[in-house]
Asker: 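Got a structure for you, questions after.
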Amino acid sequence: MRFAQSPIHLLNLGNVSLLICSVGILAAGCSKPSFEANRLAAASFLESQDQQKVDELAGSVGELVEQVFGPPDAPKWPENAPTAVDMAEVERCAGPVGRAYDKVERGLYRKHCVQCHGITGDGAGPAAALLAPYPRDFRRGTFKFKSTSIGSKPLRSDLVKTIEHGLPGTSMPAFGALRNRPEFEKDIESLAEYVVFLAIRGEVERRLLKRAVDSEETPSLEDAKRVAASVAELWVNASANVVEVPLIPDVPPAEYAASVERGKALFTSDQASCFKCHGNEGKGDGVSQDYDEWTKDWTIRVGIDPASKSEWKVMKPFGALKPVVDRSRNFHLGGLRGGSTEQDIVKRIVLGIDGTPMPAITVSETDPNAFNLENVFDLARYVASLTGVKPETEAATDSGTANSAKGAQ
Amino acid sequence: MVNPSDSALASGVNASQSSKVYRWAAFVSCLTFPLIWLGGLVTTHDAGMAVPDWPGTFGYNMFLYPVTTWLFGPFDLLVEHGHRLLASLVGLIAIILCFVARKHEPRRFGRIACWLLLLAIISQGILGGVRVLLDARVVALIHGCCGPLVFALACGIVMINSKDWKTAPKSIESNSLRWSLRILLVLTIVQLIMGAHLRHALPQWKPSLFLSFVHTHLLVAMLITGIIFAVFCTVISPKFRGVTGLRGPAAWLVGLVIIQVCLGVGTWISSYALPWQELNEFFARYTIDGRGFVETMIINGHQATGSLLIAGSLWLLCRVERRYVAAAAYGAVPAQVADATPRSLVR
């Protein structure tokens, strides 16, 4: 449709053998990219590895979701759902890479993200198996580094921050370089929209699968639209779940040392129990190491031991990658993913890391069993001191506090 | 094997005559290399579809597309249109090369090689066009694999017109060296194809397929490195003391393969980071700079050095093939003796 000319007349011009060869490979290896049904979730909800049963369920729900959200080349938004994404930007990110006659660049997601996150946003792009941690599976709707509470949706600004600055120590690149050229300036925001689109689409699919298994009947198109509306609602209201993160004050050097000492004591106390995972010295070698939620969904929750290959192997045909322990961070190496300043660490301690074993702690000035603000600051200063961050430098580079965060529209 | 008519011609070829073909072929090679580099940039920046039409550019005749819109427009357009213009230039010079060869190249296979090169360049151009018209990544992959082969062919023409080809004394009887180099040439080409598959990985590929390409790429890399070092050790060994012209190319190959392995590791790290971030502070803190300049240059450098490795293997292979004497014809003659064999004795 974009090209008025037919390529046919070129055939007789060209080297026929090369063309035959290319057409052969085209036919063999290149079908149009399509959203894949979530067979892993289907198998987990069914608690069955019966290929036919799983394919049947995943296929029928997948078709339903396709009716609501469209194929990868032509995404659409369910009519009755609240507007959670900017569809113009979603369309610009979807589809094949290229610039049409209007000179607008399209296919941003396939250009930058697909080799890791996959067409469907399932975190199983071609390169995924070789990365640790694995790329995010957006379909669960869970994100790690955000300014909202555990279990709620991230803000746009959180996603933009991740895409712009990347995640150190992982394969998630920083795409900040796009800002340097005027024609790519707004690409990061567009990509965040598309991530949200994929996340909503994936979560709707998961919920429908669960519903189908629970009620033992295939959901209708109406059901699908209702579920889509309720998931979209969560994203629209994300900013209601923003957690106020207190600002960490500067302290004079003498007090700083004392604060770090107190933090160290807290870190190894049973009350905070950071040491159980992060180890006594914060080297990430504590006794308790666990899997993340994405892995638990299809292993522990369905009675499969992720540590035993003979057990998890049965899920491989449904697209499961080898389960890998989500190790607690070794602070001595630095490179914290949610940001390395003391303020970022305060935020991490207060909010936890969703989808991982890292808990959020309860801050209260009245409850004697909870932590007070001073405790949190002590902990943060201790952790920051382990990473080698100096207290003077970070007051100036205080990055995202919750207050400056932009709300999701 | 020694081709009688060939060597007869070789001695009869007037040096100034063939140096014309040599110079034009060298010109094509010198332009093809940046063309490959630019083609790599097109891939790194996913600029293949920056221009939606072909052979025109946004409806313009390719050569009349306004220079300012091209140079100061979007970056991907700059790269893609530049790739097209340079490719046209290479095609043009290849045509000239064919005419020069027609006039000055007495050897039939030498002329055929030039025509083949022209055909290859045209096919490659059409393939590039088909890639745009069909917007197919698979065609991009084939286009990417063939580019370095065209470059190798151009280098091959340079080599068969070189002074060395025409004057090299028959002095080697090591069949194993000859076969090692033939295998090396095939492996470097296979390696390039593997690499192109990794670069052009289709979004719908399963992780396991990609994994098998990575494993093959690593295995072939080890084989290539092994062969190159073995070949180097052979040509510097006492057995080859009297043989000239082999150490240079072999040393180049060693240098290139060392650079290439480093660039390969760099390419992986700058595309996917290491999965062992707890290895040390550097990897724990390293964040890939998506679309960063250094990353782009490393990735492109890896690809371009791959082409150079093919050309390098071909270079050494040509030299060895040219010096090769079938042991059967000579019996076990020591190198020095073979060296001294009068040319007239060559059948």
Side-chain angles (χ1 to χ4, degrees), chain A residues 2-3 5 7 10 13-15 18-19 21-22 25-26 29-31 33-34 96-101 103 105 107 110-112 114-116 118-119 124-132 165-178 181 183-184 284 319 321 327 330 333-335, chain B residues 45-46 48-54 58-59 73-77 119-120 122-124 126-127 129-130 132-139 141-142 146 201-211 214 271-278 280-281 283-293 295:
Chain A
R2 278 220 302 275
F3 17 84
Q5 273 168 303
L10 290 166
L13 284 175
N15 179 327
L18 272 178
L19 272 179
C21 153
S22 70
I25 295 180
L26 258 177
C30 173
S31 49
S34 59
V97 187
R99 208 176 273 281
Y101 279 98
K103 298 205 180 175
E105 212 202 352
R110 277 183 222 177
K111 175 169 177 176
H112 299 297
V114 81
Q115 72 270 36
C116 297
I119 286 278
L130 287 157
L131 314 182
H165 299 291
L167 296 171
T170 79
S171 326
M172 174 65 201
F175 288 93
L178 291 177
R181 296 196 68 93
E183 72 267 23
F184 301 144
L321 298 173
R327 293 188 52 83
N330 175 354
L333 295 173
Chain B
H45 289 274
D46 233 316
M49 293 304 297
V51 182
D53 49 353
W54 185 87
F58 283 108
F75 185 67
D76 50 351
L77 204 155
L119 186 68
I122 293 174
S123 313
Q124 185 65 351
I126 291 174
L127 212 54
V130 170
V132 171
L133 292 182
L134 297 184
D135 187 7
R137 287 182 96 105
V138 186
V139 182
L141 198 158
I142 301 171
C146 294
L202 300 179
Q204 60 270 44
W205 279 4
K206 294 269 164 288
S208 52
L209 181 62
F210 188 83
L211 197 67
V214 172
S271 318
Y272 298 118
L274 279 192
W276 315 287
Q277 59 274 26
E278 302 223 336
N280 62 29
E281 240 173 66
F283 289 113
R285 294 172 186 223
Y286 176 68
T287 316
I288 301 171
D289 187 4
R291 315 282 145 180
F293 180 74
E295 274 81 356

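Here is the naming used below: chain letters follow the sequence lines, and residue numbers restart at 1 for every chain.
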Asker: Give, as side chain, backbone, both or neither, the part of A/S34 having an atom under 4.5 angstrom from any heavy atom of chain B.
Answerer: neither
Asker: Verify side chain to side chain contact (heavy atoms under 4.5 Å, CB included) between B/Y272 and A/Q115, making sure each step is shown before the conclusion.
Answerer: CA-CA 10 Å; B/Y272 298 118; A/Q115 72 270 36; 3.8 Å; yes
Asker: How long is the gap from CG on B/L211 to CG on A/L321, to the nearest 0.5 Å?
Answerer: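 Between atom CG of B/L211 and atom CG of A/L321 there are 10.0 Å.
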Asker: For side chain to side chain contact (heavy atoms under 4.5 Å, CB included), just list the numbers for A/L333 and B/E278, CA-CA rounded to whole Å, side-chain angles, deciding distance to a tenth of an Å, and then say yes or no.
Answerer: CA-CA 7 Å; A/L333 295 173; B/E278 302 223 336; 4.2 Å; yes
Asker: Can you name the side chain to side chain donor-acceptor pair (under 3.5 Å) partners of A/R110, sequence neighbours left out?
Answerer: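 By the side chain to side chain donor-acceptor pair (under 3.5 Å) rule, A/R110 matches A/D73.
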Asker: Side chain, backbone, both or neither: which part of A/L130 has a non-hydrogen atom closer than 4.5 Å to chain B?
Answerer: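 Backbone plus side chain of A/L130, per the 4.5 Å heavy-atom cut-off to chain B.
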Asker: Using heavy-atom distances under 4.5 Å, tell me whether B/F283 contacts chain A through its side chain, its backbone, both, or neither.
Answerer: backbone
Asker: I'd like to verify something: which residue of A/G125, A/A129, A/G176 has the highest number of heavy-atom pairs under 4.5 Å with chain B?
Answerer: A/G125
Asker: Could you tell me whether the side chain of B/P203 reaches within less than 4.5 Å of the side chain of A/I119, counting heavy atoms only?
Answerer: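 A side-chain contact under 4.5 Å exists here.
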Asker: Please identify, among A/A127, A/G166, A/A128, the residue contributing the most non-hydrogen atom pairs under 4.5 Å to chain B.
Answerer: A/A127
Asker: For A/H112, give me all partners under side chain to side chain donor-acceptor pair (under 3.5 Å), at least two apart in sequence or on another chain.
Answerer: B/R291
Asker: If we define contacts as heavy-atom pairs under 4.5 Å, which of B/S208, B/G290, B/P207 has the most with chain A?
Answerer: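 The answer is B/P207.
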Asker: Grab the two heavy atoms, one from A/S171 and one from B/A273, that are nearest each other, plus how far apart they are.
Answerer: CA-CB, 4.1 Å
Asker: Between B/R285 (side chain only) and A/P168 (backbone N and O only), is there a donor and an acceptor less than 3.5 Å apart?
Answerer: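 Not at all, since once roles are kept as given, no pair shorter than 3.5 Å links the two residues.
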Asker: To the nearest 0.5 Å, tell me how far A/L167 CG sits from B/Q277 CD.
Answerer: 11.0 Å
Asker: When you compare the side chain of B/D289 with that of A/P173, does any pair of heavy atoms fall below 4.5 Å?
Answerer: no
